[in-house]
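Nothing here was measured: the structure is a model prediction, and the numbers come from that model. Every heavy atom of this structure was used, including side-chain atoms; hydrogens, water molecules and symmetry mates were not. Chain A is the first sequence line, chain B the second, and so forth, proteins listed ahead of strands; every chain is numbered from 1.
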There are 2 protein chains.
Amino acid sequence: MLLSSIDPTGHTVPESATAERLLDAAERLMATHGIEGTSVRMITGEARANIASVTYHFGSKEGLVQAVFRRRLDWLNTERLRTLDALEAEARGTPLKPSKIVDAFFGTLLRMGQNPQQGGAVFLQLLGRTMTEPSQFIDSLLAQEHEAVIKRFKRALIQSLPNVPKAEIVWRFHFMLGATAYAIAGADQLAVIAGLRTKSSADRYMHQLQARLMSFLLGGLRAPLPDLSSTERSP
Amino acid sequence: MLLSSIDPTGHTVPESATAERLLDAAERLMATHGIEGTSVRMITGEARANIASVTYHFGSKEGLVQAVFRRRLDWLNTERLRTLDALEAEARGTPLKPSKIVDAFFGTLLRMGQNPQQGGAVFLQLLGRTMTEPSQFIDSLLAQEHEAVIKRFKRALIQSLPNVPKAEIVWRFHFMLGATAYAIAGADQLAVIAGLRTKSSADRYMHQLQARLMSFLLGGLRAPLPDLSSTERSP
DNA sequence: GTCTATATCATGATAGAC
DNA sequence: GTCTATCATGATATAGAC
C-alpha cells in the first residue's frame with residue numbers, strides 16, 4: 001500500500017514510547033540484516049511491542065522504514081546546510097576551500113557516527129548499505145531527502161573549483177558518495193582488516209576513518225583531469 | 001541447506017541449456033531486484049524453465065546464486081592476475097607505476113561492462129550492489145573469490161608506492177573499491193544525471209565512467225597523507 | 001493504545017509421475 | 001530432465017476483544 005507523508009491515523013513522528021522503541025529496533029536490525037531481511041516480527045520482538053503496533057503507529061512496514069530514515073536525514077541535512085551557510089557567510093563572497101565544503105557534507109555525516117543521539121555508527125551502516133540497494137521506494141525516498149542538499153553542495157563545489165569542468169565535479173561528487181557509503185557500510189569488516197577488534201577501539205577507528213577518507217576524497221576531487229579523447233571510439 | 005562446492009547431483013558448472021538460461025535470468029533479475037528480492041519463481045519464469053529446475057541443477061537457490069557469481073568472478077580474477085603477471089614480467093624487477101596496477105584491477109573490472117560475453121553492465125551492477133549487501137553467505141563467497149587476488153594487488157601497490165605507509169594503502173584500496181562499487185551499481189541513475197538517456201549512448205557512458213573513475217581513484221590513492229595526530233583524542 | 005488470533009499470500013523445497 | 005502438485009514456513013496486514 002502506498003503511503004503519503006501523513007498516514008491515515010495521522011502518525012508520522014513518534015509520539016509514544018512504543019513508536020520510538022520501534023524506530024530504534026528497526027534501525028538496529030536493518031543495519032545488520034538489511035531492510036528486506038528484517039521482518040516486522042523481528043522488529044516488534046526486539047522492541048518488546050506487539051505485532052500490530054507497526055501498523056498502528058506507521059501504517060505499514062514501509063511507513064516505519066521511511067520514518068527511520070527521515071528521523072536521521074532531516075537532522076543531517078539541516079546540519080549540513082547550516083554548516084555551509086556559516087562557511088559562506090564567513091567567507092563574504094570569496095570562494096570557499098574545497099576541503100571545507102567536503103567536510104561540511106561528508107564530515108558532518110561521519111561525525112554522526114560518533115553521535116549516539118543521532119543513531120551513531122548504526123545509522124551510518126544502515127545508510128551506507130541502503131545507498132546501493134535496488135529498492136524503488138528507498139531510491140525515491142533518499143532522492144527526495146537529498147536532492148536539494150546535493151544541489152546546493154554541487155553548486156558550492158563548482159564555484160570553489162573554477163579550473164575543474166562542471167561535469168567532472170558532478171561525477172566526482174558521485175564517486176565521493178560511493179567511497180563514503182562503502183566505507184561506512186563495511187565499517188565492521190574494515191575494522192577487522194585494520195586489526196581493531198575490540199569495542200573500545202571503535203571510537204579510534206571512526207576517527208581514523210574520518211581523517212583517512214577525507215584526504216582520499218580530496219585527492220580524488222582534485223586529481224588531474226582524465227583524458228577523454230579516447231571516448232569517441234573504443235580503443 | 002548448506003552446499004559444498006559440488007552439489008549432490010554433481011552439477012556446479014552449467015552443462016545444459018536450461019542451467020545456462022537459469023544463470024542468465026538470475027543474473028539479470030538479481031541486478032534489478034537484488035538477491036533477496038528475486039524469487040526462484042521469478043527466475044524460472046524468466047528462463048522459461050520449471051520451478052523444480054533450480055533445485056535439480058543447483059541444489060538450491062543459494063547454489064544458483066553462488067554459480068552466478070563464480071561464473072563471472074573466476075574469469076575476472078584470472079584476467080586480473082594474468083594482466084598483473086604480464087606487467088611484472090615486462091618491468092623486470094623495476095617498480096610498476098600505480099596507474100598500471102590500478103588499471104589491471106579496476107580497469108579490467110570496468111571493461112567487463114563492455115563485454116557482453118561476460119555479463120556486461122548487468123553483472124557489474126549486480127556485483128556493485130552485492131558488495132554492500134549484508135548477507136552472510138555472500139560476504140564469505142565474495143571474500144573467498146577475492147581474497148588471494150586482493151592480497152596480490154595490495155602487495156604490488158605497496159611496492160609501487162614506497163612513500164605511502166602500508167596501512168594507508170590498505171585503507172585507500174578499500175575506498176577505491178567503494179567508489180567503484182557504487183559507480184557501477186548506480187550506473188543507471190548516474191547515466192540519467194549525466195544526461196545520457198538513450199541506449200545508444202550507454203557505450204559512450206561506460207567509456208567516460210572508466211576514464212573519469214580511473215583518474216579519481218588515482219588522485220585518491222596519491223593524495224597527501226592525512227593528519228592522524230587528532231586521532232588520539234576527540235577534538 | 002495494546003493485545004490475541006487469524007486471514008491471506010508468497011516463499012523455498014520436495015515427492016513422485018512421466 | 002522435466003513436469004505437476006503440494007508441503008511447511010514465514011511474511012504483512014487486519015479484525016475485534018479488552
Asn50(A) side-chain N/O to dT4(C) phosphate OP1/OP2 under 4.0 Å: yes
Short side-chain N/O contact from Thr18(B) to OP1 or OP2 of dT2(D), under 4.0 Å: yes
Where at least one partner belongs to residues 173-183 of chain A, residue pairs that pass salt bridge (Lys or Arg N to Asp or Glu O under 4.0 Å), sequence neighbours excluded: none
Under the side-chain hydrogen bond (donor to acceptor under 3.5 Å, both in side chains) test, residues paired with [X] that sit two or more places apart:
X	answer
Arg82(A)	Glu79(A)
Asn50(B)	none
Asp74(B)	none
Arg80(A)	Asn77(A)

Test item: His57(B) side-chain N/O and Ser53(B) main-chain N/O as donor-acceptor pair under 3.5 Å: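 Flag not set: sc His57(B) to bb Ser53(B) has no pair under 3.5 Å.
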Under 3.5 Å, which protein N or O atoms sit close to an N or O of nucleotides 9-12 of chain C? Give each pair with its distance.
| residue | atom | partner | partner atom | Å |
| --- | --- | --- | --- | --- |
| dT11(C) | OP1 | Ser39(B) | OG | 3.3 |
| dG12(C) | OP1 | Lys61(B) | NZ | 3.1 |
| dG12(C) | OP2 | Val40(B) | N | 2.7 |
| dG12(C) | N7 | Arg41(B) | NH1 | 3.0 |

Measure the distance from [atom1] on [X] to [atom2] on [N] and round it to the nearest whole Å.
X	N	atom1	atom2	value
Tyr56(B)	dT4(D)	OH	P	17 Å
Arg21(A)	dG1(C)	CZ	P	14 Å
Leu22(A)	dG1(C)	CG	P	14 Å

Which residues share a side chain to side chain contact (heavy atoms under 4.5 Å, CB included) with Ser39(B), sequence neighbours left out: Arg41(B), Met42(B)
Angle of first-five versus last-five pair axes in the helix from dG1(C)-dC18(D) to dC18(C)-dG1(D), to 10 degrees: 0°
Counterpart residues, ring-ring contact (aromatic ring centres under 6.0 Å, His included), relative to Phe173(A) (two or more places apart): Phe105(A), Phe106(A)
